[in-house]
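Note that these values count all heavy atoms, side chains included, but never hydrogens, waters or copies made by symmetry.
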Amino acid sequence: MSHWDDLLGHAFGLLLGRPLAEFDTAGTYAVFHYDDETAGEAIEDLDPGELVADVNGRSGDLGGDGLYPDRWVPDLPRSAFIATDVRPAALQPLITTTTDNGRAVVWGRDIGRALQAGSLSLDELSPDGYRRYPHLLLRPRTDGSLLDAMRAATWTMSAPDGLCDIGDSLVRHGYVEPEVSVVDPRWESTLDQIGDDALRRHLRGLCLDAHWARITGAYYLGPGECSGDVQPIADLPGSRVIAGWEFGEGQGAMAVVLLSEPSAGSPG
């Protein structure tokens with residue numbers, strides 16, 4: 001492992017409450033991100049070819065230094081579309097599982113294949129005045145490991161490049177005084193154990209208190225916790241939430257989840 005992999009692995013272990021080596025390696029660790037501004041609009045721009053493409057490899061960074069999903073390399077085939085109680089009949093054969101509250105998971109690759117085969121059309125998925133549409137839980141490309149999933153979830157894919165300091169930005173723009181902490185007190189002592197200053201400052205922006213997380217950065221829910229927006233993934237058989245974050249005033253959410261599918265480095 002590289003020096004930065006070691007630094008990141010140690011920092012992630014602190015955030016998760018135990019070293020990464022103590023987590024199960026048999027499954028696939030993935031990130032799912034919800035954004036209420038794009039979750040439904042994504043349907044209208046679906047490209048069936050992108051939905052069935054092979055997307056393999058470690059997490060990538062498309063550029064930038066903020067906490068933005070457009071920095072990720074998207075993995076649309078393995079992204080999830082969540083259908084609610086009112087759903088197109090043509091989607092029924094593609095449903096992976098349905099939860100107790102009526103939400104169902106459909107994978108992007110299955111939608112892509114159905115679109116290519118003509119058994120499903122974009123018109124059937126697009127919203128209208130009478131039908132709820134499936135909304136997207138975007139999955140960035142990762143290699144299946146917990147380390148790489150946490151890299152994507154914390155926007156440290158290209159660290160030390162691409163790191164940001166949200167706390168300093170708030171000070172420079174006059175929102176807070178330099179001596180005032182904007183971090184959730186639950187994570188202050190944990191973050192203080194991260195030796196690299198730039199990495200510590202970056203991760204502090206992902207652990208803001210509830211007030212400041214409404215306008216920038218993220219609110220860290222903690223190990224094993226996730227927002228209801230990504231709960232359908234957590235409810236899949238064999239899945240388990242590793243960690244979760246919320247953005248804004250409920251407009252966005254993200255979770256690292258252990259799935260039951262084999263990881264890229266596992267046999268079978």
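- Looking only at side-chain heavy atoms (C-beta outward), L147 and F12 come within less than 4.5 Å of each other.
- Among residues at least two apart or in separate chains, ring-ring contact (aromatic ring centres under 6.0 Å, His included) pairs with a member in residues 170-207 are W187-Y220.
- Both V106 and L122 belong to a single network of hydrophobic side chains, linked directly or stepwise wherever heavy atoms of I, L, V, M, F, W or Y lie under 4.5 Å apart.
- V55 and P77 make their closest contact through CG2-CD, 4.0 Å (heavy atoms, listed as atom of the first residue, atom of the second, distance).
- Using a 4.5 Å cut-off between side-chain heavy atoms of Ile, Leu, Val, Met, Phe, Trp and Tyr, with links allowed through other members, I215 and L221 fall into different hydrophobic clusters.
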Handout entry: Worked check of salt bridge (charged side-chain N to carboxylate O under 4.0 Å, His left out) between D165 and R204
Key = CA-CA 8 Å; D165 187 344; R204 285 172 68 87; over 6 Å; no
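- Shown here are the side-chain contact (heavy atoms from CB on, under 4.5 Å) partners of V182, two or more places apart in sequence or in another chain: L170, V176, L208, W212.
- For the side chain to side chain donor-acceptor pair (under 3.5 Å) condition, the pairs that include at least one residue of residues 48-59, sequence neighbours left out, are S59-D148.
- Criterion: ILVMFWY side-chain heavy atoms under 4.5 Å apart, direct or through other members. Under it, V171 and V183 are part of a common hydrophobic cluster.
- Every side-chain contact (heavy atoms from CB on, under 4.5 Å) that Q193 has, sequence neighbours left out, goes to L14.
- Not counting sequence neighbours, D65 has no partner by the salt bridge (charged side-chain N to carboxylate O under 4.0 Å, His left out) test.
- Applying the side-chain contact (heavy atoms from CB on, under 4.5 Å) rule to E249 yields the partners R214, Q251; only residues at least two apart in sequence or on another chain are considered.
- Using a 4.5 Å heavy-atom cutoff, the side chains of I242 and F23 are in contact.
- Residue W245 holds its CH2 atom at 7.0 Å from CG of L15, rounded to the nearest 0.5 Å.
- In terms of modelled atom types and a separation under 3.5 Å, the side chain of R200 and the main chain of I194 share a donor-acceptor contact.
- At a threshold of 4.5 Å between non-hydrogen side-chain atoms, the residues L76 and L138 count as touching.
- Under the 4.5 Å side-chain criterion, counting only non-hydrogen atoms from C-beta, D110 is not in contact with F81.
- How far CG of L258 is from CG of L146: 8.5 Å, rounded to the nearest 0.5 Å.
- The shortest side-chain heavy-atom distance between C207 and L191 falls under the 4.5 Å cut-off.
- V105 approaches A80 most closely through the heavy-atom pair CG1-CB, 4.2 Å.
- The salt bridge (charged side-chain N to carboxylate O under 4.0 Å, His left out) test applied to D209 returns no partner, not counting sequence neighbours.
- Looking at D70 and L62, their side chains never come closer than 4.5 Å, going by heavy atoms from C-beta outward.
- Closest approach of A30 and L259 over heavy atoms only: CB-CD1, 4.0 Å.
- Contacts classified as ring-ring contact (aromatic ring centres under 6.0 Å, His included) and involving residues 32-56 (residues at least two apart or in different chains) are given here: H33-W72, H33-F247, Y34-H135.
- Contact detail for E37 and D35: the closest heavy-atom pair is N-OD1, 2.9 Å.
- Between atom CG of residue L199 and atom OG1 of residue T156 there is a gap of 7.0 Å, rounded to the nearest 0.5 Å.
- The minimum heavy-atom distance linking G205 with L67 is given by the pair O-CD1, 4.1 Å.
- Two different hydrophobic clusters hold V241 and I233 under the rule that ILVMFWY side chains link at heavy-atom gaps under 4.5 Å.
- For residues 12-24, no residue pair satisfies the side chain to side chain donor-acceptor pair (under 3.5 Å) rule, not counting sequence neighbours.
- In terms of heavy atoms, V52 sits closest to G112 at CG1-C, 3.7 Å.
- If you take OG on S79 and CZ on R109, they are separated by 10.5 Å, rounding to the nearest 0.5 Å.
- A chain of hydrophobic side-chain contacts below 4.5 Å, direct or via other Ile, Leu, Val, Met, Phe, Trp or Tyr residues, connects W4 to L203.
- Among residues two or more places apart in sequence or in another chain, the salt bridge (charged side-chain N to carboxylate O under 4.0 Å, His left out) test is passed with D229 by none.
- Taken from CG in L16 to OG1 in T190, the straight-line distance is 10.5 Å, to the nearest 0.5 Å.
- Interatomic distance, D196 CG to R201 CZ, rounded to the nearest 0.5 Å: 11.0 Å.
- Residues forming a side-chain contact (heavy atoms from CB on, under 4.5 Å) with S158 (at least two apart in sequence, or on another chain): D61, R71, D161.
- In this structure, the side chains of R151 and L8 come closer than 4.5 Å at one or more pairs of heavy atoms.
- Residues L94 and L120 meet the side-chain proximity criterion, which asks for heavy atoms closer than 4.5 Å.
- Under the salt bridge (charged side-chain N to carboxylate O under 4.0 Å, His left out) criterion, E225 pairs with no residue, sequence neighbours left out.
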